[in-house]
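Quick notes on the structure that follows.
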2 protein chains.
Amino acid sequence: MRTLRKDAQRNRDLLVAAARRRYAARGLDVPLEDIAKEAGVSIGTLYNRFPTRGELIEAALACKVANAVELAEKASTMADPWEGFAWFIEHCCELQAADRAYNELCARALPDTPEIDRLKARGHELVLRIVGNAKESGQLRADFEEGDFAFVVWSTTTIINATAATAPDAWRRHLAFLLDGLRADAAHPLPGKALEPDEVAEAMRTLGG
Amino acid sequence: MRTLRKDAQRNRDLLVAAARRRYAARGLDVPLEDIAKEAGVSIGTLYNRFPTRGELIEAALACKVANAVELAEKASTMADPWEGFAWFIEHCCELQAADRAYNELCARALPDTPEIDRLKARGHELVLRIVGNAKESGQLRADFEEGDFAFVVWSTTTIINATAATAPDAWRRHLAFLLDGLRADAAHPLPGKALEPDEVAEAMRTLGG
DNA sequence: CATGAACTTGAGGTCATCCTCAAGTTATGT
DNA sequence: ACATAACTTGAGGATGACCTCAAGTTCATG
């Protein structure tokens, strides 16, 4: 990608910032014309910089994904593995609660750019480690698998959306119930088997379309 | 409501049946023209019978709500209170999994007609009883409240949507984790306090709009 | 400066869905 | 069988979002 002319770069920055604000407030389906207006730029300019919807979403939100990966980095090195596991989940949910766009992203897939792929691979690796540590320490139930992780996040998305306006911390209560069910000493036999990583990816694609 | 002319009644029935099919397959946002076409009737006729979107949704789906209330009736009289509680939740989730429209209804509010109000009141009463019984028997944790019930249902909606195509029973695994966390012997202290019934209603309104 | 390439602009074409209404059709009661 | 109220129809106006492009403007470079 060649470097942009100064005015073009400025407009691009304005657009990304505007997109972040509108996405956070109204979700990923906000009309593109709203974003252009918020940026103080014409709709044509938006299309010049971001020919497809996905490119703008990625420019606006890739940093949020990086953010989540940082959380995972930290969680994976915490002294108490259960604390690391629970802390990571809690902070993922906080990200969702703070930003409607991120909430929707948890249930849609981002476009596959090299940058996103790298983040995904790293996140994947870290989740494996976090889950593995917590199981080894005997605190996380042994039948919890990596594929169950997506469920934990998905399980709070509707709650967060529903209660954002009236009781923005309500999801914490639900999460506490669920975490209690994930402790080793709570375990009862499970029905079915966990999803494989590619099944999780496929499921996200389903939701997006 | 006066009785309809014979042809009008027939068209109404066709419309309701068509709406059920389209809603179940594609969700509540399916275009009205699709429903009219599926019913083999013009769009004008649809508007004659159902001047507002809500009226058609109600005509098509009130029976599903009645269905859920029947489940609650049965659950509330089951011999083992924990079984009743878990059985009811499981079957609510099955309803969601079988019908995309019902899934969406769990997170939107139905219009308030006398019929719906009656069902809601009865459902409310039965949930109180189911939860009360399970707590009294010492199987359900004592800090679970009626307002937490909505969370249990909401927690599966995204999972059900995401996995409907690829792993239609995956939600059962998640629900098993959560139920383990709801057993009395799993209880750890909870953050925050439960939602009041009016807060739940308000939250549903938020999601719908 | 001057010139061309890069960039911006917004009116307007396209599309999908919503909803209405004037004209035509059908059921129903006498 | 007839009159009339009830009903159906589908073309088309209204809306809102998408996306394009020809004309105008600004930047960067010699």
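Given the structure is predicted, the values throughout are model-derived calculations rather than measurements. Every chain is numbered from 1 and lettered A, B, ... according to where its sequence line falls, protein lines coming before strand lines.
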Rounding to an integer number of Å, can you tell me how far [X] [atom1] sits from [N] [atom2]?
X: F50(A); N: dC19(D); atom1: CZ; atom2: P; answer: 15 Å
X: Q9(A); N: dA6(C); atom1: CD; atom2: P; answer: 16 Å
X: L56(A); N: dC18(D); atom1: CG; atom2: C1'; answer: 14 Å
X: L46(B); N: dC7(D); atom1: CG; atom2: P; answer: 15 Å
X: I35(B); N: dA16(C); atom1: CD1; atom2: P; answer: 18 Å
X: R22(B); N: dT17(C); atom1: CZ; atom2: P; answer: 11 Å
X: N11(B); N: dA27(C); atom1: CG; atom2: P; answer: 10 Å
X: R26(A); N: dA17(D); atom1: CZ; atom2: C1'; answer: 16 Å

With the criterion being N/O to N/O and under 3.5 Å, what pairs connect the protein with nucleotides 18-20 of chain C, and how long is each?
| residue | atom | partner | partner atom | Å |
| --- | --- | --- | --- | --- |
| dC18(C) | OP1 | R53(B) | NH1 | 2.9 |
| dC18(C) | OP1 | R53(B) | NH2 | 3.3 |
| dC18(C) | OP2 | L32(B) | N | 3.0 |
| dC19(C) | OP2 | Y47(B) | OH | 2.9 |
| dC19(C) | N4 | E33(B) | OE2 | 3.4 |

Quiz prompt | Pairwise 5' ranking along DNA chain C for D34(B) and K6(B), keeping only the more 5' one | solution = D34(B)
Quiz prompt | Position toward the 5' end of DNA chain C (nearest nucleotide), D7(A) or N48(B) | solution = D7(A)
Quiz item: Under 6.0 Å between ring centres, would you say that holds for F177(A) and F151(B)?
Solution: no
Practice problem: Kindly state whether the ring of F88(A) and the ring of F149(A) have centres lying under 6.0 angstrom apart. | Solution: yes
Quiz item: Does S42(A) have a side-chain nitrogen or oxygen under 4.0 Å from the phosphate oxygens OP1 or OP2 of dG10(C)?
Solution: no
Quiz prompt | Nucleotide nearest R5(A) when distance is taken to its side chain, options dT8(C), dT9(D), dC27(D) | solution = dC27(D)
Quiz item: Between E58(A) and T113(A), does any side-chain donor sit less than 3.5 Å from a side-chain acceptor?
Solution: yes
Exercise. Nearest 0.5 Å please: distance from the CG atom of L190(B) over to the CZ atom of R172(A).
Key: 13.5 Å
Practice problem: With heavy atoms under 4.0 Å as the rule, sort R49(B) into base, sugar-phosphate or nothing. | Solution: sugar-phosphate
Quiz item: When the C1' atoms of the five terminal pairs at each end define the local axes, what inter-axis angle does the helix from dC1(C)-dG30(D) to dT30(C)-dA1(D) show, to 10 degrees?
Solution: 0°
